[in-house]
Participant: 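Structure below; questions to follow.
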Amino acid sequence: MEVVVEGRRGIRGVIAEIRGDKVRMVRFVRGRLPKSTEGAVSKVERKLGERLRKDLSRFLSGKVVDFSAYKVGAETGTVFQRKVWKVMRRIPYGSTRSYGWIAKKIGKPGAARAVGNACGSNPLPIIQPCHRVVASGGKLGGFSGGLPLKRKLLALEGIAL
DNA sequence: ACTGATACGTTCT
DNA sequence: AGAACGTATCAGT
């Protein structure tokens, strides 16, 4: 089931894909918003979809939302990437951590650059908040969806970089 | 504050 | 095996 949420302030919208009781993928919308597809889905799935739609909508309007309780599909990514994503999910709303900080956290100091790669292949932006991972020394770092988007996401959480 | 050089770990090709 | 990367640090300017 696909959940489509309209955004504001320069973020067009977000699409999330749900399968069973897990969120499988999230991506930002570029062009026009497609329609939400449901088809024949189970009750749990419909329910999860509704909850996620609300949470994403709240997040996109600048509300404080905690996504850490959502179950996510764990079938993708290498061992290293999954470690990075796991730590990433625990970065609280409104705060940031550096690539190097995550590297240390997973027992691989010196792998800061590799952490950057892993962030870039995050299949679940917002839910796994890769935008909260920044460079050391108060610098913004990179973003595969484009730096302006990273700035907007951080701005939603009250962080100006 | 910015530039270049160098070391670094993981993932592509 | 080599190159590419969403980095970090340090020495210059």
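Each chain gets a letter, A, B and so on, in the order its sequence line appears, and its residues count up from 1. Keep in mind it's a predicted model, so treat the numbers as computed, not measured.
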Participant: When you measure from the side chain of A/C119, which nucleotide among C/dT7, C/dG6, B/dT11 comes out closest?
Facilitator: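 Looking only at heavy atoms from C-beta outward on A/C119, the closest nucleotide is C/dG6.
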Participant: With sugar-phosphate meaning primed atoms plus P, OP1 and OP2, does A/G100 contact a base, only sugar-phosphate, or nothing at under 4.0 Å between heavy atoms?
Facilitator: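 It contacts sugar-phosphate atoms only.
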Participant: Pick the nucleotide of DNA chain C nearest each of A/H131 and A/K104; which residue has the one closer to the 5' end?
Facilitator: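 That would be A/H131.
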Participant: Once rounded to the nearest 0.5 Å, what's the spacing between atom CD1 of A/I11 and atom CG of A/L153?
Facilitator: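 So the gap between those two atoms works out to 4.5 Å.
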Participant: Report yes if at least one side-chain N or O of A/N117 is closer than 4.0 Å to OP1 or OP2 of C/dG6; otherwise report no.
Facilitator: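 It does, given that an N or O in the side chain of A/N117 lies less than 4.0 Å from OP1 or OP2 of C/dG6.
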Participant: Can you identify which nucleotide, out of B/dG9, C/dG6, C/dA8, has its nearest atom closest to the A/K150 side chain?
Facilitator: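 Closest nucleotide among those given: C/dG6.
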Participant: So, applying side chain to side chain donor-acceptor pair (under 3.5 Å) with A/H131, which one of A/E157, A/R151, A/K152 is it?
Facilitator: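 Exactly one option meets the side chain to side chain donor-acceptor pair (under 3.5 Å) with A/H131, and it is A/E157.
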Participant: Is a side-chain N or O of A/K105 found less than 3.5 angstrom from the main chain of A/V87, in a donor-acceptor match?
Facilitator: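 Absent.
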Participant: What is the separation between atom CZ on A/R82 and atom P on B/dT10, rounded to the nearest whole Å?
Facilitator: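 The answer, rounded to whole Å, is 15 Å.
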Participant: State which of C/dT7, B/dG9, C/dG6 makes the closest approach to the side chain of A/V133.
Facilitator: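 When the side chain of A/V133 is considered, C/dG6 is the closest of C/dT7, B/dG9, C/dG6.
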Participant: Would you classify A/A114 as touching base, sugar-phosphate or nothing, given that sugar-phosphate means primed atoms plus P, OP1 and OP2, and contacts are heavy atoms under 4.0 Å?
Facilitator: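 It contacts base atoms.
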Participant: When you measure from the centre of the six-membered ring of A/W101, is the NZ or CZ of A/R97 closer than 6.0 Å and no more than 45° off the axis?
Facilitator: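 The answer is yes, since A/R97 meets both limits relative to A/W101.
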Participant: Rounded to whole Å, how long is the line connecting atom CZ of A/F80 with atom C1' of C/dG6?
Facilitator: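 Nearest whole value for this atom pair: 13 Å.
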Participant: Between A/W101 (CH2) and C/dA8 (C1'), how many Å, whole number?
Facilitator: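 After rounding, the reported distance stands at 17 Å.
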Participant: What does A/V115 touch in the nucleic acid at a heavy-atom separation under 4.0 angstrom: a base, only the sugar-phosphate, or nothing?
Facilitator: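 No contact at all - A/V115 keeps every heavy atom at 4.0 Å or more from the nucleic acid.
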Participant: How close or far is atom P of C/dT7 from atom CZ of A/R97, stated in whole angstroms?
Facilitator: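 Nearest whole value for this atom pair: 19 Å.
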Participant: From the options C/dT9, C/dC5, B/dT11, select the nucleotide whose nearest atom is closest to the side chain of A/T78.
Facilitator: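 In terms of side-chain proximity for A/T78, the closest of C/dT9, C/dC5, B/dT11 is B/dT11.
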Participant: Give none if C/dA11 has no partner; otherwise give the nucleotide forming a Watson-Crick or G-U wobble pair with it, both distances under 3.5 Å.
Facilitator: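 Base-paired to B/dT3.
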Participant: Does the pair A/V72 and A/W85 meet the rule for a side chain to side chain contact (heavy atoms under 4.5 Å, CB included), with working shown?
Facilitator: CA-CA 11 Å; A/V72 300; A/W85 298 339; over 6 Å; no
Participant: Between atom CZ in A/R151 and atom P in C/dG6, what is the gap in whole Å?
Facilitator: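 Computing the A/R151:CZ to C/dG6:P distance gives 17 Å.
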Participant: Starting from C1' on C/dC5, measure out to CZ on A/F143 and report it in whole angstrom.
Facilitator: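 Result: 16 Å.
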Participant: Looking only at side-chain N and O atoms, does A/S121 come under 4.0 Å of OP1 or OP2 in B/dT11?
Facilitator: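 So the side-chain polar atoms of A/S121 never come under 4.0 Å of the phosphate oxygens OP1 or OP2 of B/dT11.
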Participant: Rounding to a whole Å, what distance do you find between A/L140:CG and C/dA8:P?
Facilitator: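 For the pair A/L140 CG and C/dA8 P, the rounded distance is 12 Å.
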Participant: Do A/K47 and A/E50 sit within salt-bridge range, that is, some charged N less than 4.0 Å from a carboxylate O?
Facilitator: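 No, A/K47 and A/E50 are not salt-bridged.
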Participant: Using a heavy-atom cut-off of 4.0 Å across all strands, would you classify A/Y99 as base, sugar-phosphate, or nothing?
Facilitator: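 The residue A/Y99 makes base contact.
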Participant: Mind calculating the distance between CZ (A/R113) and P (B/dT6) to the nearest angstrom?
Facilitator: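 Rounded to the whole Å, the gap is 14 Å.
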Participant: What's A/S144 touching, base or sugar-phosphate or nothing? Going by heavy atoms closer than 4.0 Å.
Facilitator: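 Base contact.
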Participant: Counting Watson-Crick and G-U wobble pairs only, both distances under 3.5 Å, name the nucleotide matched with B/dC8, or none.
Facilitator: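 Base-paired to nothing in any strand shown.
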Participant: Just N and O in the side chain of A/K108: are any of them under 4.0 Å from OP1 or OP2 of B/dT10?
Facilitator: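 Checking A/K108 against B/dT10: at least one side-chain N or O falls below 4.0 Å of OP1 or OP2.
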